[in-house]
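From a predicted model like this one, the values you see are computed outputs, not experimental measurements. Residue numbers begin at 1 in each chain, while the letters A, B, ... track the order of the sequences.
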2 protein chains.
Amino acid sequence: MTASIHSLPRRAEPSLQPLLALVADGMNSVNAVILDRMQSRIPLIPALAGHLIAGGGKRMRPMLTLAGAELVGYGGSRHYKLAAAVEFIHTATLLHDDVVDGSDMRRGKKAANIIYGNPATVLVGDFLFSRSFELMVEDGSIKVLRILSNASAIITEGEVDQLIAQREIETSEERYLAIINGKTAALFAAACRIAAVVAERPEDEELALDAYGRHLGTAFQLADDAIDYDSDADVMGKDKGDDFREGKMTLPVILAYARGNAEEREFWRRAIAGERNGEADLAHAIELIRKHDAVLATRERARHYAQRAIDAIASFPASAAKSAMIEAAEFAVARRF
Amino acid sequence: MTASIHSLPRRAEPSLQPLLALVADGMNSVNAVILDRMQSRIPLIPALAGHLIAGGGKRMRPMLTLAGAELVGYGGSRHYKLAAAVEFIHTATLLHDDVVDGSDMRRGKKAANIIYGNPATVLVGDFLFSRSFELMVEDGSIKVLRILSNASAIITEGEVDQLIAQREIETSEERYLAIINGKTAALFAAACRIAAVVAERPEDEELALDAYGRHLGTAFQLADDAIDYDSDADVMGKDKGDDFREGKMTLPVILAYARGNAEEREFWRRAIAGERNGEADLAHAIELIRKHDAVLATRERARHYAQRAIDAIASFPASAAKSAMIEAAEFAVARRF
């Protein structure tokens with residue numbers, strides 16, 4: 001807890017607030033590194049990178065590095081640079097994703113590719129990726145470099161896999177989990193794990209943090225995918241139905257398709273192929289998903305992974321960091337936006 | 001020299017042959033690493049990467065790592081993996097370049113983005129970039145990681161700078177040299193330099209190899225840019241006039257514009273802005289470049305850098321490696337294709 005943040009009574013709904021409070025001071029240091037290291041002799045680079053970096057986003061990954069460091073009792077400052085490196089990798093993949101998906105919007109603002117064009121967006125992504133490695137090299141830990149370069153390779157494999165699966169109705173739940181392991185969970189895992197590495201903690205703590213991050217990332221992504229089809233929720237930050245319009249195979253669709261009858265399956269085939277993606281089609285999709293409890297089932301899967309995240313850090317002694325990390329996992333699945 | 005390559009009498013024209021012969025055995029090891037490490041559980045990745053990697057290209061950069069290792073008397077095998085890492089970085093930038101430029105052709109074949117689309121091409125570039133860092137991490141030298149991550153950041157800065165300068169008629173020779181330092185010379189320099197690092201040679205040898213690579217890369221790029229407007233040359237491998245049609249500010253144009261009269265400058269302004277890029281315009285551009293000896297002057301600049309490359313390694317004792325590296329620099333500017 002930092003002096004500048006008031007302690008609030010525990011709310012009934014799980015919240016990110018304890019995590020935010022835990023890392024508030026540290027995140028100032030991380031943000032200073034991010035701002036400093038996105039500079040370049042080419043003004044377009046910080047302009048484009050800053051559009052996304054300054055544009056909000058929870059900075060979950062660097063927060064997790066900092067929370068992990070608290071959990072294992074790390075007293076140094078190496079993790080600030082490394083947390084910035086993690087955020088640069090994440091930002092680079094978002095920039096490339098927007099090009100890959102032809103996105104119009106990101107975090108409620110025009111996507112960088114719309115403002116600056118695809119070419120500059122690709123190249124600035126490359127720049128941030130290079131910078132992230134420069135930051136790691138400055139830190140000097142081969143072990144951290146191994147963890148994050150491996151995560152980066154897995155991320156890009158996951159992105160390619162997702163691209164291939166995009167309009168592929170026969171995507172299985174197993175393949176979908178492999179994709180979100182790549183696109184989300186791998187970097188969450190690496191972000192947590194490197195905290196134990198800089199703290200020079202034993203390998204079982206490293207692996208516990210890795211597991212916490214991996215399961216938390218999976219839970220977040222599953223909950224995101226549920227929210228996109230959740231007819232009850234207030235929608236904030238994300239346009240409902242985006243995944244449907246883009247023909248993305250997410251778990252609600254996979255389950256509704258698997259549980260559907262022949263006629264429903266034919267609808268899904270055509271919808272995912274892009275032949276039925278109007279507003280009426282989206283309404284029908286949401287209806288089918290509700291009929292088969294596919295959002296509910298997706299949320300149950302998310303809850304399973306959130307629980308595994310919590311259990312992965314069970315053997316650590318009680319601390320503010322542990323409580324905040326547990327509540328973050330509860331928040332991941334309870335949130336409706 | 002390897003047993004499988006016949007010694008040829010020195011030809012009047014400088015040739016790459018001595019360099020190719022010097023590294024032939026080693027390049028088999030490098031190519032084995034490249035083939036092995038571009039594999040992935042996602043079949044599209046080796047398919048797309050292999051399209052470019054198997055599609056020819058001189059593999060100048062890994063050859064330079066191997067030649068540099070010979071020059072400094074390195075007897076180990078670490079450089080094979082690192083030379084493959086260098087080639088992966090280069091391949092990643094080519095894939096992203098093709099997306100950025102909207103290229104149709106690369107090395108005489110359809111560009112990867114035309115066959116596989118921009119999204120997959122961006123992502124496979126990212127994958128190869130990640131793999132290159134995995135290879136470096138396996139080698140374990142922070143110094144090599146520093147040199148190549150720094151080169152990667154400089155490459156992307158150079159690419160962004162080139163993108164901005166693309167249709168900017170007021171590009172100066174100085175800015176142009178900064179751009180080609182980024183897009184070509186930085187990786188040539190790093191490829192050479194790491195040979196001295198793995199051989200644990202003193203820093204002056206490291207810096208000498210860095211300078212050799214940097215000047216050689218600059219000479220190659222300047223000669224390339226001259227060839228694109230060279231009316232006398234037989235054209236091989238590169239479509240003449242590509243730079244003109246794309247509105248690229250290369251040295252022949254910079255010099256013809258600087259040396260031109262008001263009417264000629266107006267032509268260049270409109271040509272580089274993309275308003276005059278037909279075949280008749282290209283013919284006129286070549287005529288103006290000939291009038292002002294701009295190809296000749298570009299070749300003179302290239303010769304200057306080739307000579308600096310040669311002088312950078314002057315203090316090394318005579319060896320097959322040194323001779324091959326000198327002739328490669330002579331070849332860089334003498335070639336007409």
Side-chain angles (χ1 to χ4, degrees), chain A residues 37 40-45 48 89 92-93 95-97 99-102 116-164 166 178 182, chain B residues 37 40-45 48 89 92-93 95-97 99-102 116-164 166 178 182:
Chain A
R37 304 309 287 273
S40 157
R41 66 179 176 87
I42 317 287
L44 174 61
I45 291 176
L48 195 159
I89 291 175
T93 65
L95 289 174
H96 286 184
D97 275 0
V99 170
V100 165
D101 295 343
Y116 297 97
N118 283 342
T121 305
V122 168
L123 294 175
V124 173
D126 290 349
F127 175 79
L128 291 176
F129 200 51
S130 300
R131 268 290 148 90
S132 82
F133 276 92
E134 288 189 311
L135 283 164
M136 290 180 241
V137 165
E138 284 173 28
D139 175 69
S141 162
I142 279 286
K143 203 165 177 185
V144 168
L145 275 154
R146 181 179 303 122
I147 290 166
L148 284 173
S149 63
N150 186 245
S152 297
I154 289 169
I155 290 167
T156 54
E157 281 184 318
E159 304 271 2
V160 177
D161 208 6
Q162 175 171 270
L163 185 68
I164 296 167
Q166 184 139 354
Chain B
R37 303 310 285 273
S40 157
R41 67 180 175 87
I42 317 289
L44 174 61
I45 291 176
L48 195 158
I89 292 175
T93 63
L95 289 173
H96 285 184
D97 275 359
V99 171
V100 164
D101 296 342
Y116 297 98
N118 283 342
T121 306
V122 168
L123 295 174
V124 173
D126 290 349
F127 175 80
L128 291 176
F129 200 51
S130 301
R131 269 289 150 90
S132 82
F133 277 91
E134 288 189 311
L135 283 164
M136 290 180 243
V137 165
E138 283 173 30
D139 175 69
S141 163
I142 280 286
K143 203 165 177 184
V144 167
L145 276 154
R146 182 178 304 123
I147 290 166
L148 284 173
S149 63
N150 186 245
S152 298
I154 289 170
I155 289 168
T156 55
E157 282 185 317
E159 303 271 2
V160 177
D161 209 5
Q162 174 170 272
L163 186 67
I164 296 167
Q166 185 141 353

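- Note on ring orientation: taking the six-membered ring where Trp is involved, the planes of Phe133(B) and Phe133(A) are parallel (angle under 30°, cut-offs 30° and 60°).
- When Asp101(B), Leu123(B), Ile154(B) are compared by the number of non-hydrogen pairs under 4.5 Å with chain A, Leu123(B) comes out ahead.
- The greatest number of non-hydrogen atom pairs below 4.5 Å with chain B, out of Val99(A), Ile142(A), Leu48(A), is found for Ile142(A).
- The part of Ile164(B) that comes within reach of chain A is its side chain, from C-beta onward, which places non-hydrogen atoms under 4.5 angstrom from that chain.
- In this structure, Ser130(B) and Phe129(A) approach most closely via the heavy-atom pair OG-CZ, 3.4 Å.
- Each of Asp126(B), Val160(B), Val122(B) was checked for a side chain to side chain contact (heavy atoms under 4.5 Å, CB included) with Val122(A), and the lone residue meeting it is Val122(B).
- For chain B, the nearby part of Leu163(A) is the side chain; its heavy atoms alone come within less than 4.5 Å.
- Of the listed residues (Glu159(A), Glu157(A), Met136(A), Arg131(A)), the greatest number of heavy-atom pairs within a distance under 4.5 Å of chain B belongs to Glu157(A).
- In this structure, the side chains of Ile45(A) and Thr156(B) stay at 4.5 Å or more apart for every pair of heavy atoms.
- Residue Asn118(A): no heavy atom, backbone or side chain, is found under 4.5 Å from chain B.
- Using a 4.5 Å cut-off on side-chain heavy atoms (C-beta onward), Asp161(B) and Leu44(A) make no contact.
- Each of Ala151(B), Ser152(B), Ala178(B) has some count of heavy-atom pairs under 4.5 Å with chain A, and the biggest count is that of Ser152(B).
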